[in-house]
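The structure under discussion appears below in the form of structure tokens.
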2 protein chains.
Amino acid sequence: MRRLAWSVLTTTHPTTSQGTEPDLAALASLLADRTRASFCTALLDGRAWTAGELARHAGVAPSTASEHLTSLVGAGLLVEVRQGRHRYLRLASRETAELIEAMSAAAPKAAPPRGLKAVHRSNALARGRTCYDHLAGALGVAVTEAVTGQGWIDWEDGPSLTASGRTGLAALGAEIPARTRRPLVRSCLDWTERRPHVAGAVGAALCSRALEAGWLVRLGGTGGGRAVGVTAEGRAVLAGTLGVPDEDLESAGA
Amino acid sequence: MRRLAWSVLTTTHPTTSQGTEPDLAALASLLADRTRASFCTALLDGRAWTAGELARHAGVAPSTASEHLTSLVGAGLLVEVRQGRHRYLRLASRETAELIEAMSAAAPKAAPPRGLKAVHRSNALARGRTCYDHLAGALGVAVTEAVTGQGWIDWEDGPSLTASGRTGLAALGAEIPARTRRPLVRSCLDWTERRPHVAGAVGAALCSRALEAGWLVRLGGTGGGRAVGVTAEGRAVLAGTLGVPDEDLESAGA
DNA sequence: CGCACGTTTCGGCGGCCGCCGAAACGTTCC
DNA sequence: GGAACGTTTCGGCGGCCGCCGAAACGTGCG
């Protein structure tokens, strides 16, 4: 048993004087705009985008994007790295990603996408995507069900990693950081499937291992975003070792 | 070990057609206004307020409040009960409360409150308050530390209730609903203390038992809100049985 | 050195939206 | 029935803010 040690959850903002109430409206205002929200959703892939990429992604002028990005960085939701004539932007922290993710699950669903390309991308996202550092979509849920079926995760009193899960992950080559304050297994409500998928250190280890080993690949070349597809080797591993049903692996081949 | 059973987390909104992307901006817009955000924060006490009370609380005309409330109810964040000439409003669900709570923890801190009364209330909230259905503030954190010290909660791999915790809670008279899909122990970042306090079914059981037994009372008479104070009996129980340090119980007597 | 490119700053336009007061509706109490 | 009260609807005002284009700045490349 371990005692409670105060993990300093990195605040998204330089800690100001305490004792004052949180300005909920200020935070919400940042995400209350379609363009800024689109930036944050795109950045949920965990990578760094340039300002121009984000502008094109959202369909606004570069000048407009620049102003929005400055405000998001100023509020501490994003961080930037300047390199040459480029401005790279990332989500500030995993906590920020989790917040956006949680809000997405609670948000009303927008009108169906318009245009063939958008529909295609939307379907790809529903099949399988990354959610900052773990898997989501039908694929993420299927993997979650599979490892649960293997007895790797126990959902009694909240999800936890079992002993067999620990060895199973090691056999896959998915390494979990030795000492991390991060919860090993976190349940995360999937907004396409409306069922939980596995996040936390275990979810991240599974996802990064799958990408590293070439079981999954990112789709949509030009910074398209978060969609992932299953490769032939991936199909073998996921179906064979984990027992993921075939129909959940029928994503757009890579 | 229990298998994963899909808890249908109540959506905050009538489920629309699936496959479409979440409209993050639409949700954020609802909370992006000081007045509407103030309503939601006030309703975090878990009780039902009348439209007029909320209007006075936020300092706007009743007509203004009425419009805001209609939009919040329409979006599914709040639910209403009409009774006579009153319109009672509550947060729609515990999930909604958790979302607002999570956003509050990430939100920047507003300027210190102005006015003697506001300062007083702010201090009371920092000392101890309810967070929908569990305890927060210095009091909530102190209780969390205390039960951890008693070995009731194990923080390894995420918080979980121990066997001794189960018996300890029973001895206190705090009953946990027999079968609940709700996580027994959930960690919730406190926005005043920046340290976690205990939520989930256990947090709710502790809080409701303490209020029911008269160990804690709600302060601030006229719908003032969420602040709670420790009574004399409460002091005895919390210090004696749980070992909460005295200095954390020095709240405004009730 | 000069051009191309990514980015930023500034001015200005337009629309959205939060606010109020006045008036109306329904309920409760006398 | 009449008065008081909580709430709602409507019209209109004002401010905020997201957008763009033009111009400027800095970097990298030929």
Side-chain angles (χ1 to χ4, degrees), chain A residues 23-43 47-75 77-90 107-108 110-111 222-223, chain B residues 23-43 47-75 77-90 107-108 110-111 222-223:
Chain A
D23 191 348
L24 185 56
L27 171 65
S29 295
L30 289 170
L31 301 172
D33 173 74
R34 287 198 73 76
T35 300
R36 282 191 301 265
S38 149
F39 290 169
C40 293
T41 306
L43 290 166
R47 292 179 298 176
W49 294 46
T50 70
E53 283 172 342
L54 289 169
R56 282 189 296 276
H57 175 77
V60 296
S63 56
T64 303
S66 175
E67 288 168 348
H68 284 311
L69 291 170
T70 301
S71 74
L72 287 170
V73 169
L77 284 185
L78 307 186
V79 289
E80 67 181 18
V81 175
R82 307 240 175 190
Q83 225 172 81
R85 54 183 167 186
H86 290 284
R87 181 193 196 183
Y88 288 98
L89 297 133
R90 281 190 307 108
T222 57
Chain B
D23 192 346
L24 185 56
L27 170 65
S29 295
L30 289 169
L31 302 173
D33 175 74
R34 287 198 75 77
T35 302
R36 282 193 301 266
S38 148
F39 290 169
C40 292
T41 306
L43 290 166
R47 291 181 298 176
W49 294 46
T50 70
E53 284 170 343
L54 288 170
R56 282 189 297 276
H57 175 78
V60 296
S63 57
T64 303
S66 175
E67 288 169 345
H68 284 310
L69 292 170
T70 300
S71 73
L72 287 170
V73 169
L77 285 186
L78 308 185
V79 289
E80 67 180 20
V81 176
R82 308 242 174 187
Q83 226 172 81
R85 54 182 168 185
H86 290 285
R87 180 194 195 182
Y88 288 99
L89 296 132
R90 280 189 309 108
T222 57

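Throughout, protein chains are lettered first and strands after them, A, B, ... in sequence-line order, and every chain is numbered starting at 1.
Between the axis at the start and the axis at the end of the helix from C:dC1-D:dG30 to C:dC30-D:dG1 there is an angle of 30°, using five pairs per end and rounding to 10 degrees.
The distance from the CG atom of A:Leu24 to the CG atom of B:Leu31 is 5.5 Å, given to the nearest 0.5 Å. If you take CD on A:Glu53 and CG on A:Leu43, they are separated by 10.0 Å, rounding to the nearest 0.5 Å.
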N/O-N/O pairs, protein side and nucleotides 13-15 of chain C side, under 3.5 Å:
none

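Put simply, CG on A:Leu72 is 13 Å from C1' on D:dG18, counting in whole angstrom units. Separating the CG atom of A:Leu54 from the P atom of D:dG18 is a distance of 16 Å, rounded to the nearest angstrom. Whole-Å rounding puts the B:Leu89 CG to D:dG6 P distance at 15 Å. Here the C1' atom of nucleotide C:dT9 and the CG atom of A:Leu69 are 15 Å apart, to the nearest Å. Rounded to whole angstrom, the span from the CZ atom of A:Arg87 across to the C1' atom of C:dC5 amounts to 17 Å. As rounded to whole Å, 12 Å separates atom P of D:dT8 from atom NE2 of B:His86. Taking atom NE2 of B:His57 as the reference point, atom P of D:dG6 lies 18 Å away to the nearest angstrom. Distance B:Trp49 CH2 to D:dG6 P: 16 Å, rounded to the nearest Å.
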Annotated protein contacts, base or backbone, on nucleotides 21-30 of chain C with a non-hydrogen cut-off under 4.0 Å, one of B, S, - each: BB---BBS--
Output a table of donor-acceptor pairs, distance under 3.5 Å, between side-chain atoms of residues 58-66 of chain B and any protein atom two or more places apart or on a different chain; print 'none' if there are none.
none

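Every pair passing salt bridge (Lys or Arg N to Asp or Glu O under 4.0 Å) that includes a residue from residues 23-43 of chain B is listed here, sequence neighbours excluded: A:Asp23-B:Arg34, A:Arg34-B:Asp23.
Applying the side chain to side chain contact (heavy atoms under 4.5 Å, CB included) criterion to B:Glu80, with sequence neighbours excluded, gives B:Val73, B:Arg82, B:Arg87, B:Leu89. Annotation: ring-ring contact (aromatic ring centres under 6.0 Å, His included) contacts of B:His86 (sequence neighbours excluded): B:Tyr88.
Note on B:Thr70: nothing from the nucleic acid sits closer than 4.0 angstrom, heavy atoms only.
Using a 4.0 Å cutoff on non-hydrogen atoms, no part of residues 30-38 of chain A comes near DNA chain C.
A pairwise comparison of heavy atoms in A:Leu69 and A:Phe39 identifies CD2-CD1, 3.6 Å as the closest pair.
Side-chain N/O atoms of A:Arg82 include none lying less than 4.0 angstrom from OP1 or OP2 on D:dT27.
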